[in-house]
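The first residue in the sequence is number 1, and the count goes up from there. None of these values were measured; they are calculated from a predicted model.
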Amino acid sequence: MTARAMAGEINEGSVPAYYREVYEAIRCRTDERVQAEVFKRLLERTGLSKASLSQIAEHIDCTDGFLTKLTLYKALALIALAQQGKKPSPKLFIHELPKPQLGELRELGALRMQPAQDDVLTISQTFEQLLTKDTIQMQLIPEKKGLFLKHVEYQVTSQRYKISVYRRYSDFDVFHEVLLQKFAYRVVPALPPKRMLKGVLTSMSEREFIEGRRRALMRFLNLVARHPLFSEDELVKTFLTYSGSDVQTKLRDTCKKTGDEFMTNRIATQAKEYLPADIQAQFSTSRELIKNIHNSFQRLRDRAEKMAERSMENSTDLVQFGRELSALGSDASALPSLASSQTGWGTLRQSLKSLSEEFVVLSNKAAQQGRREQDDVVEKLNFFLDLLQSYRDLCERHEKGVLHEHQKALHKYSMMKRQMMSATVQSKEQASVEQLESRIVQQESAIQTMELRNYFSLFCLHQETQLIFTYLPITANILGAFVNSQVQGHREMGDVWNELQPKLGCFFGSNNGLKPPI
């Protein structure tokens with residue numbers, strides 16, 4: 001059996017059967033390449049000196065972490081030459097390719113790269129580490145033309161990059177679009193609507209809607225900036241730091257240069273090897289649990305919103321109560337002699353007017369309590385709910401996207417095969433049969449790609465499920481904020497009530513026959 005001597009090339013059809021057996025034993029199960037780490041383990045079995053191994057490495061290209069089939073064959077030949085005491089060089093590939101000594105063939109399969117759960121599949125960051133990745137603040141910078149608000153610009157400030165940039169909603173829209181294109185298998189939070197929906201105008205003013213949208217966009221950015229993968233991506237850095245007016249073009253160009261995650265992730269085509277055997281069962285169980293958590297947090301958010309609304313309503317009631325006292329004390333109507341002598345109403349009436357100021361203070365404290373409940377509790381609940389909803393959206397994309405496309409491809413392939421069988425039986429023209437064969441080959445390639453994408457989608461889903469569980473300690477964070485807001489609110493309100501109580505002494509003097517309550 002001979003090999004090509006020119007430029008040290010090896011013809012696949014001329015290699016010994018042993019070479020093919022070694023390749024089949026150690027190649028990736030979902031790829032036609034061999035991982036560099038596996039090849040290193042193979043070299044350790046050769047018994048060669050470091051000098052010989054270094055000489056072999058000079059002729060082996062594995063810069064991307066993999067060896068192709070022909071590169072492995074070349075390496076096996078070089079190993080065999082070195083084991084024979086010769087200097088390993090492709091120039092010696094003239095006669096029959098020698099057989100390397102690698103031990104029992106059945107043992108080589110154990111060299112295959114095992115799933116590195118801790119390094120690849122498992123998210124190692126804690127909740128606290130995610131929070132410290134970045135904090136995004138956003139302020140409204142409205143532009144007015146006449147009496148009407150034409151558009152809103154946002155000042156976006158990243159704590160990580162120590163910079164502020166200005167963005168409009170359309171910039172967020174493009175950013176979300178390219179982020180979803182690149183990371184279709186990840187939790188990409190949805191954007192709030194650009195405009196108020198019909199029918200909402202009756203219950204919400206335009207400014208209330210704009211403020212709600214600002215909060216939602218800020219939550220979106222913080223979730224993206226703290227994601228283990230997104231936080232290190234060029235798209236996110238561009239959005240948070242690029243100050244040019246053509247940010248949308250910049251984002252699209254950045255996305256085009258790299259392609260989607262499946263094309264760039266180094267383990268995308270080997271994802272199946274890293275997945276646990278019961279991945280589907282784990283996914284179903286986790287999905288149901290997260291669905292229940294989502295529903296519970298929605299109910300918690302609804303209650304927290306009602307409490308915040310009640311605090312604001314309490315603020316309105318307190319100030320109105322004070323106004324009524326003021327109106328009562330300001331009544332300048334003349335009193336009959338009977339009322340003046342028997343009840344002391346005239347003196348009491350003068351005291352009522354001054355009490356209204358205390359109720360204004362109480363009203364302000366209640367309003368502050370409502371804002372704390374909104375900012376510290378409701379907003380944190382909405383933050384986690386946005387993440388939970390984006391996970392549910394991801395699950396739907398997996399089922400309606402990758403799985404659906406895979407099923408369509410299989411159906412199309414089945415139809416082509418039937419057409420091929422029919423054409424062969426009926427002895428149709430050779431050109432049309434060859435054309436159909438070509439289409440079948442293309443469809444087989446498409447199905448293989450779909451299968452790889454399906455496993456990669458499951459791989460990403462497994463990681464994103466871990467991300468949800470990593471965020472679960474936010475529950476303690478939310479409860480702490482809720483308790484603290486209540487303690488602070490009750491203390492501040494109590495202080496004002498306690499200051500108010502001594503001022504009521506004028507109502508309980510001995511002249512009017514009233515006694516203070518016990």
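- Inspection of the Gln248 and Asp171 side chains reveals an N or O donor paired with an N or O acceptor under 3.5 Å.
- Looking at Glu37 and Lys40, a side-chain N of the basic residue comes within less than 4.0 Å of a carboxylate O on the acidic one, giving a salt bridge.
- Taking a cutoff of 4.0 Å between a charged side-chain nitrogen and a carboxylate oxygen, Arg186 and Asp233 do not qualify as a salt bridge.
- The closest side-chain donor-acceptor pair between Asp393 and Gln389 falls under 3.5 angstrom.
- Using a cutoff of 4.0 Å between basic side-chain nitrogens and carboxylate oxygens, Glu396 and Arg392 are not scored as salt-bridged.
- The environment of Glu357 atom CD is sparse: at most 12 non-hydrogen atoms of other residues, nucleotides or ligands sit within 6.0 angstrom.
- Taken from CD1 in Ile163 to OG1 in Thr241, the straight-line distance is 6.0 Å, to the nearest 0.5 Å.
- Residues Arg213 and Tyr154 have side chains that bring a donor and an acceptor to within less than 3.5 angstrom of each other.
- Checking Glu464, Arg453, Glu261 one by one against Tyr185, the side-chain hydrogen bond (donor to acceptor under 3.5 Å, both in side chains) holds for a single residue, Arg453.
- Looking at Arg27 and Glu273, no side-chain N of the basic residue comes within less than 4.0 Å of a carboxylate O on the acidic one, giving no salt bridge.
- Rounding to the nearest 0.5 Å gives a distance of 11.0 Å between CZ of Phe456 and CD of Gln270.
- Using a 30° and 60° split on the angle between ring planes, Phe183 and Phe230 fall in the tilted class, from 30° to 60°.
- Counting heavy atoms from C-beta outward, Val236 and Ser231 have side chains that stay 4.5 Å or more apart.
- Side-chain atoms of Gln125 and Thr470 form no donor-acceptor pair, as typed in the model, at a separation below 3.5 Å.
- Atom OH of Tyr166 is surrounded by 12 or fewer heavy atoms from other residues, nucleotides or ligands within 6.0 Å.
- With a 6.0 Å cutoff to the six-membered ring centre and a 45° limit on the axis angle, Arg167 counts as a cation-pi contact of Phe239.
- Ion pairing of Glu309 with Lys306 is absent here, as no side-chain N (NZ or NE/NH1/NH2) approaches a carboxylate O to less than 4.0 Å.
- In this model, no donor atom of one side chain and acceptor atom of the other lie less than 3.5 Å apart for Gln488 and Gln369.
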